[in-house]
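Convention: sequence-line order gives letters A, B, ...; per-chain numbering from 1.
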Amino acid sequence: MSIKRIKDYVNQEITVQGWLYNKRSSGKIVFLIVRDGSGLVQGVLVKSEAGEALFALANSATQESSVRIRGKVQENPKAPGGYEMLIGDLEIIGRAEPYPLTHKEHGVDFLMEHRHLWIRTPRQNIILRIRSEIEKALRDFFHERDFILADAPIITPAACEGTTTLFELDYHGERGFLSQSGQLYSEANAMAFGKTYCFGPTFRAEKSKTRRHLMEFWMLEAEMAFHDMEDSLQIQEEMICYVVRRILEKHRADLEHIGRDVSKLEGIKPPFPRISYSDAVRMIQESGEDFPWGEDFGAPHETLLSGKFAAPVFVHRYPAAIKAFYMKPDPADARVVLGADLLAPEGYGEIIGGGQRIDDPDLLEQRIREHRLPEEAFAWYLDLRRYGTVPHAGFGLGLERMVAWLCGLEHIRETIPFPRMLHKIYP
RNA sequence: UCCUCGAUAGCUCAAUGGUAGAGCACCCGGCUGUUAACCGGGUGGUUGUAGGUUCGAGUCCUACUCGAGGAGCCA
């Protein structure tokens with residue numbers, strides 16, 4: 001019996017299995033607040049009705065002990081959630097030792113050290129349940145549109161884009177790296193399946209230490225043959241709206257419970273505003289900053305730009321020099337590429353990066369040389385252009401940033417059960 | 001890697017350079033509708049580490065360790 005469905009069982013006898021979240025007692029009545037991962041329910045036990053032995057047992061239960069309670073469900077406005085159980089029987093399955101996490105405030109350091117217990121608390125529990133639904137919505141979105149899930153390898157032989165720092169490992173005597181992106185493999189998959197996506201963990205070894213970074217994060221990467229940048233932007237737009245709609249539909253009360261202003265999400269509708277990199281530079285300059293064309297935006301710039309719009313905003317056609325080697329140049333202006341980032345509102349920054357890929361084999365080869373990438377490692381990638389090249393485009397969505405935005409979180413560490421952060425690998 | 005700030009009881013925090021305290025947790029007792037329940041009592045400390053200044057250091061100085069916030073890089 002899941003606590004979430006308790007309202008369907010009024011006046012019926014049910015059994016709930018869970019953990020003792022909290023207990024309040026007086027001499028002749030005791031309240032046991034039990035959680036089971038789906039919600040909380042208050043169990044009531046009156047001494048005169050339950051008898052000495054059962055009453056003493058209930059009084060002795062410690063916080064987070066695992067319990068099984070049986071009793072009749074009844075409506076009661078005084079109970080949290082509006083329903084409670086009159087306990088007829090109680091079994092303590094595993095008595096908990098003194099529990100480190102009290103119902104008072106704790107510091108971040110302490111909570112992170114006890115992340116394995118912190119995820120039991122209501123707020124963390126809600127966030128991670130929303131994450132679960134976001135992942136499911138994303139998968140539903142792509143499967144409804146006939147995308148094939150084709151996962152990319154996590155252990156790779158070379159840097160994907162050649163720029164960022166990777167985690168290196170010994171692959172039976174060869175050098176291996178933890179993947180920083182599945183994109184190149186997704187391109188191969190797109191040539192095999194047409195429309196594909198992959199969804200898995202991604203690793204960055206940079207010593208980033210901000211509220212927006214993790215060493216290990218989950219990225220959904222879609223790649224579509226016979227699609228250009230415009231097609232890709234439309235799919236991104238639809239995808240974001242699909243997920244927002246789903247979360248509002250299934251988790252509105254949860255969002256409100258964790259203090260999210262849902263009106264900010266209700267306004268998320270297509271089409272999203274689109275500005276070019278050059279427009280964005282102009283907007284930054286108009287704000288009074290001396291920002292040269294050709295430089296990449298920093299976090300404060302992204303916040304400034306996204307702050308001008310209520311919906312997520314696409315920034316497209318970045319200078320080729322600050323983007324990855326595989327980005328296709330804009331035929332109308334060779335200085336820029338057909339790539340776009342999606343900036344989430346409210347200062348949440350970049351949640352998607354994507355664009356159209358180079359489909360010409362000679363240009364791609366030239367770019368690989370210009371970027372001084374190991375040519376042998378990219379031989380297979382060039383093959384994709386040699387054997388039936390097509391215009392294609394794709395994008396990568398950072399799951400944790402999406403969760404942070406939808407839930408309105410200050411810090412990305414709360415968006416994943418066990419965040420891997422700089423110098424933090426326990427628990 | 002850089003900048004700023006911090007580290008005192010299991011937790012959250014106090015303590016003019018002069019005897020280390022409170023609330024919560026835990027243990028004991030009380031209370032028939034609690035809402036982070038409440039009331040009374042109790043247990044609990046090498047003040048992050050190492051050194052220095054001083055009659056005397058939680059407090060001042062130096063180094064280190066760990067952490068937080070931000071920057072850069074990125075999703």
Side-chain angles (χ1 to χ4, degrees), chain A residues 21-33 40 42-50 55 59-60 62-64 74 76-82 84 86 96-114 117-118 121-122 160-161 163-166 179-183 199 201-221 295-303 322-324 341-344 348-354 395-405 410-413 415-416 421-424 426:
Chain A
Y21 175 68
N22 202 2
K23 177 184 72 182
R24 301 182 195 96
S25 71
S26 70
K28 304 213 166 74
I29 187 168
V30 57
F31 300 92
L32 301 179
I33 291 93
L40 292 172
Q42 169 171 283
V44 189
L45 222 137
V46 178
K47 191 177 191 176
S48 57
E49 294 166 22
F55 188 79
N59 244 324
S60 76
T62 52
Q63 186 186 353
E64 287 300 319
Q74 57 183 32
N76 189 327
K78 277 185 272 188
E84 65 181 14
L86 266 179
E97 294 176 23
Y99 193 63
L101 270 57
T102 68
H103 293 115
K104 293 274 182 176
E105 282 173 23
H106 294 289
V108 178
D109 189 19
F110 180 78
L111 289 170
M112 286 305 300
E113 231 9 61
H114 294 83
L117 304 177
W118 191 21
T121 61
C160 181
E161 298 175 15
T163 48
T164 49
T165 321
L166 305 184
S179 173
Q180 62 155 332
S181 164
Q183 186 203 307
F199 196 3
T202 312
F203 307 86
R204 303 284 164 89
E206 269 124 6
K207 298 194 190 264
S208 300
K209 187 173 156 47
T210 81
R211 65 178 73 181
R212 296 183 308 280
H213 288 88
L214 294 170
M215 302 288 106
E216 174 185 304
F217 64 96
W218 284 65
M219 186 153 68
L220 185 148
E221 292 175 283
E295 214 161 274
D296 207 356
F297 302 133
H301 302 123
E302 287 185 354
T303 305
I322 56 170
K323 285 291 174 185
D341 290 349
L342 184 66
L343 307 183
Y348 280 96
E350 184 184 346
I351 54 171
I352 295 179
F395 60 89
L397 166 79
L399 176 67
E400 285 76 14
R401 287 189 182 174
M402 177 93 177
V403 176
W405 166 46
E410 281 290 307
H411 203 296
I412 202 165
R413 64 185 158 219
T415 64
I416 183 167
M421 299 189 299
L422 190 59
H423 303 133
K424 255 192 197 275
Y426 177 92

**Request:** Quote, to the nearest angstrom, the P distance that separates C11(B) from U16(B).
**Result:** 23 Å
**Message:** Within the structure provided, determine whether D341(A) and K323(A) are in side-chain contact (heavy-atom separation under 4.5 Å).
**Reply:** yes
**Prompt:** Contact class for L214(A) vs. all strands (heavy atom < 4.0 Å): base, sugar-phosphate, or nothing?
**Reply:** base
**Message:** Can you tell me how far apart CG (L342(A)) and CZ (F395(A)) are? Round to the nearest 0.5 Å.
**Reply:** 10.0 Å
**Item:** Qualifying residues under side-chain hydrogen bond (donor to acceptor under 3.5 Å, both in side chains), relative to N59(A), sequence neighbours excluded
**Value:** S25(A)
**Item:** Pi stacking test for F31(A) and G33(B): under 5.5 Å apart, planes under 30°
**Value:** no
**Request:** Write down the partner of C26(B) under the Watson-Crick or G-U wobble criteria, each distance required to be under 3.5 Å.
**Result:** G42(B)
**Request:** Mind checking E64(A) for me? I need base, sugar-phosphate or nothing, with any heavy atom below 4.0 Å counting as a touch.
**Result:** nothing
Please write out each protein N/O paired with an N/O of nucleotides 23-31 of chain B under 3.5 Å, distance rounded to 0.1 Å.
residue	atom	partner	partner atom	Å
C31(B)	N3	G27(A)	N	3.4

**Prompt:** Looking only at atom C1', what distance separates C61(B) and G21(B), rounded to whole Å?
**Reply:** 27 Å
**Request:** Write down the partner of G17(B) under the Watson-Crick or G-U wobble criteria, each distance required to be under 3.5 Å.
**Result:** none
**Request:** Any strand is fair game: report the nucleotide pairing with C2(B) by Watson-Crick or G-U wobble, both distances under 3.5 Å, or none.
**Result:** G70(B)
**Message:** Counting the atoms with a prime plus P, OP1 and OP2 as sugar-phosphate, which does P100(A) contact under 4.0 Å by heavy atoms, base, sugar-phosphate, or nothing?
**Reply:** nothing
**Message:** For a side chain to side chain contact (heavy atoms under 4.5 Å, CB included) check, start with the C-alpha distance between R413(A) and V108(A), then their side-chain angles and the critical distance, and finish with the verdict.
**Reply:** CA-CA 10 Å; R413(A) 64 185 158 219; V108(A) 178; 3.3 Å; yes
Distances under 3.5 Å between protein N/O atoms and the N/O atoms of nucleotides 1-7 of chain B, please, pair by pair.
residue	atom	partner	partner atom	Å
U1(B)	O4	K207(A)	O	2.9

**Asked** Using atom C1' of each nucleotide, how far apart are C60(B) and C74(B) to the nearest Å?
**Response** 43 Å
**Prompt:** With a non-hydrogen cut-off below 4.0 angstrom, is N76(A) in contact with a base, only sugar-phosphate, or nothing?
**Reply:** base
**Message:** Any base atoms under 4.0 Å from H411(A), or only sugar-phosphate, or nothing? Heavy atoms, all strands.
**Reply:** sugar-phosphate
**Asked** How long is the gap from CZ on F110(A) to CG on L117(A), to the nearest 0.5 Å?
**Response** 8.5 Å
**Asked** Would a 4.5 Å heavy-atom cut-off, applied to side chains only, mark T202(A) and W218(A) as touching?
**Response** no
**Request:** Provide the distance between the two P atoms, one in C73(B) and one in G52(B), to the nearest whole Å.
**Result:** 45 Å
**Request:** Would you indicate, yes or no, if G72(B) has its OP1 or OP2 atom less than 4.0 angstrom from a side-chain nitrogen or oxygen of R204(A)?
**Result:** no
**Asked** Is there a Watson-Crick or G-U wobble partner for C60(B) with both distances under 3.5 Å, and if so, which one is it?
**Response** G52(B)
**Complete:** For U32(B), the nucleotide meeting Watson-Crick or G-U wobble distances (both under 3.5 Å) is none
**Asked** Touch check for G298(A), heavy atoms < 4.0 angstrom, all strands: base, sugar-phosphate only, or nothing?
**Response** sugar-phosphate
**Residue matched to A7(B) through Watson-Crick or wobble contacts both under 3.5 angstrom** = U65(B)
**Prompt:** Taking for each residue the nucleotide of RNA chain B with the nearest heavy atom, is it M112(A) or E400(A) whose nucleotide lies nearer the 5' end?
**Reply:** M112(A)
**Request:** Check whether any side-chain heavy atom of K47(A) sits under 4.5 Å from a side-chain heavy atom of I29(A), and report yes or no.
**Result:** no
**Request:** Just call it for F110(A): base, sugar-phosphate, or nothing, with non-hydrogen atoms closer than 4.0 Å on any strand.
**Result:** sugar-phosphate
